[in-house]
Protein chains: 2
Amino acid sequence: MATIRDVAKKAGVSVTTVSRALNGYSDVSEKTREKIKMIAKELNYSPSLLARSLVMKKTKTIGLLVSGLRIEGSKDNFTFEVLCGVNDCAGELGYELVLISTDSKKQQEKTYNQLCKERKVEGVILQGIKTDDPYLDEVLKSDIPCILIDIPIESDSVGYVTTDNKGGAETAVEHLLNLGHKHIAMINGHSQAFVSRERLAGYQAALNCISFNESYVVNGAFLEDTAERETTKLLKAYPEISALFCASDLMAMGQ
Amino acid sequence: MATIRDVAKKAGVSVTTVSRALNGYSDVSEKTREKIKMIAKELNYSPSLLARSLVMKKTKTIGLLVSGLRIEGSKDNFTFEVLCGVNDCAGELGYELVLISTDSKKQQEKTYNQLCKERKVEGVILQGIKTDDPYLDEVLKSDIPCILIDIPIESDSVGYVTTDNKGGAETAVEHLLNLGHKHIAMINGHSQAFVSRERLAGYQAALNCISFNESYVVNGAFLEDTAERETTKLLKAYPEISALFCASDLMAMGQ
DNA sequence: TTGTATGCGTTATCAG
DNA sequence: CTGATAACGCATACAA
């Protein structure tokens with residue numbers, strides 16, 4: 001692996017000059033720059049991001065911390081879509097993406113802070129952690145800038161993005177009402193999820209709190225089979241139900 | 001950010017000793033080790049993987065190079081499943097995963113070699129590149145260890161994994177035959193894809209090359225809408241077709 | 001316009 | 001058992 005020193009030696013200049021030439025500084029004669037560029041290409045040189053990051057104290061790296069990245073979730077393509085979006089954006093901004101996947105086993109070995117600091121990520125995007133996940137506390141205590149997906153918490157170093165969960169749910173349920181349904185049940189996720197609470201609120205709002213019936217709401221844990229089981233029980237108990245509002249695609253597929 | 005020097009200073013020992021104590025070397029007294037460990041925890045110290053990698057010449061990092069990582073592909077969860085699998089395995093082995101996503105724009109800026117060498121990845125897994133992708137040549141010329149997914153090429157530094165495409169296709173088509181279908185069409189991907197060629201071979205094999213009719217095979221480019229369009233044309237031209245064998249889930253969904 | 005010297009945070013070599 | 005010291009590959013203040 002050719003280093004900057006190899007280039008310097010072959011070009012008969014100092015490392016400093018090579019560094020500046022390749023990084024586009026203006027205080028280098030075009031002649032030397034061209035020569036250096038040529039030799040760099042010749043030697044197949046590419047600067048070590050490791051060394052650069054070390055001295056610059058900038059890694060241009062953000063961590064994508066996905067909790068519960070499991071193949072069973074592949075039908076629900078939300079995580080994948082998030083990944084694509086983050087990746088696109090990071091790419092445009094010249095940032096790298098490192099995958100920091102955690103499971104309960106790993107969480108005991110290394111703290112969130114360790115995980116992030118040793119990699120020197122400049123920021124973190126967290127997807128899939130629950131509001132009662134122990135990691136969440138660590139995240140909030142840490143000073144590493146981070147963005148939570150679908151958890152509405154803000155502080156100096158913490159932000160979040162989410163969708164209009166309530167509005168969306170409201171629209172969906174209104175649609176069912178317009179179709180003439182009188183008894184609409186809801187298959188929700190779980191109470192630890194912010195999105196579930198919001199969507200429930202939307203469901204209630206659409207029903208105007210009048211025809212709202214608590215018994216019509218069950219939790220499917222965002223899982224296909226759980227949702228199916230719960231739905232079966234629900235329909236057996238309340239045969240009058242003519243429509244279902246599911247809080248996630250995967251759970252809808254369970255029907 | 002606490003460095004190893006901070007720990008050393010506070011512990012009243014040299015950096016060397018701290019390094020060895022924390023890395024589990026035996027030539028350090030248990031008393032010093034405990035003290036150092038305590039102080040390290042106290043200072044919230046975690047070693048910089050950057051610095052460590054630089055001196056050790058080992059990054060413990062593998063690159064996941066996904067070509068065409070786009071949100072439109074999210075319905076087809078194959079890429080996501082690959083990601084999960086790779087991630088699981090890498091995690092167990094103590095490797096990091098960095099996402100190297102490429103598109104035609106990026107490919108012109110940086111070569112495969114640059115992309116990998118500057119990050120010092122120790123190996124690469126390539127998913128989604130086509131057999132006629134210019135990157136493929138670079139990959140083969142490079143000496144960076146890599147694994148191709150669904151492209152059967154081997155060399156000193158290149159390996160691959162794939163599924164039994166031919167056998168799977170054969171089984172699928174045989175199933176349709178057993179159901180009594182006489183005119184089975186195939187919606188394939190594209191001819192640049194190894195898997196498409198294999199699956200076509202399986203399709204032919206199942207039909208025993210007897211009832212094989214070339215006109216019954218069209219390419220859907222692995223895209224939902226293309227597959228739909230091609231299928232419509234096909235069915236219009238050959239109304240006798242009673243079953244379709246699709247080379248990918250996504251294309252089947254297009255029906 | 002170019003070069004010298006220093007430091008980034010580690011680990012490794014070699015003496016004590 | 002412990003500690004100087006030299007790398008690793010690069011960028012930058014400071015000189016020349």
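Chain A is the first sequence line, chain B the second, and so forth, proteins listed ahead of strands; every chain is numbered from 1.
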Report task. Could you tell me the separation between the NZ atom of K117(B) and the P atom of dC10(D), rounded to a whole number of Å? Result -> 13 Å

Query raised in the report: Are any of the side-chain nitrogens in R33(B) or E30(B) under 4.0 Å away from the carboxylate oxygens of its partner?
Result: yes

Report summary line: Taken to the nearest whole Å, CZ/R5(A) to C1'/dA5(C) is 13 Å

Query - Exam field: side chain S53(A) to backbone K58(A), donor-acceptor pair closer than 3.5 Å - result: yes

Requested in this report: Would you please confirm or rule out a distance under 4.0 Å between OP1 or OP2 of dG7(C) and any side-chain N or O of K57(A)?
Outcome: no

Query raised in the report: Given atom CD1 of I36(A) and atom P of dC10(D), what is their separation to the nearest angstrom?
Result: 14 Å

Requested in this report: Could you walk me through whether T79(A) and Q127(A) pass the side chain to side chain donor-acceptor pair (under 3.5 Å) test, one step at a time?
Outcome: CA-CA 7 Å; T79(A) 298; Q127(A) 148 72 2; 3.2 Å; yes

**Report entry** Heavy-atom pair with the smallest gap, counting every atom of L65(B) and I100(B)
**Finding:** CD1-O, 2.8 Å

Report task. In whole angstrom, give the distance that lies between atom CE of M1(B) and atom C1' of dT10(C). Result -> 13 Å

Query raised in the report: Taking DNA chain D as the partner, which of residues 8-28 of chain B come within under 4.0 angstrom of it by heavy atom?
Result: G12(B), V13(B), S14(B), T16(B), T17(B), R20(B), D27(B), V28(B)

Query raised in the report: Looking across every strand, which nucleic acid part, if any, lies under 4.0 Å from T32(A) by heavy atom: base, sugar-phosphate, or nothing?
Result: sugar-phosphate

Query - Electrostatic pair E118(B)-R52(A), nearest N-O below 4.0 angstrom - result: no

Query - Between dG9(C) (C1') and E118(A) (CD): distance, integer Å - result: 14 Å

Query - Atom-to-atom span, CG of L49(B) to P of dC8(C) - whole angstrom - result: 19 Å

Query raised in the report: dA12(C), dT10(C), dC1(D): which one has an atom nearest the side-chain heavy atoms of A51(B)?
Result: dT10(C)

Query raised in the report: Quick one: do E96(A) and R119(B) make a salt bridge, cutoff under 4.0 Å?
Result: yes

Report summary line: In whole angstroms, the gap separating C1' of dG7(C) from CD1 of I4(B) amounts to 16 Å

Query raised in the report: Once you round it to whole Å, what is the distance between P of dA6(D) and CG of L54(B)?
Result: 17 Å

Query raised in the report: How far apart are the closest heavy atoms of F222(A) and L250(A), and which atoms are they?
Result: O-CD2, 3.7 Å

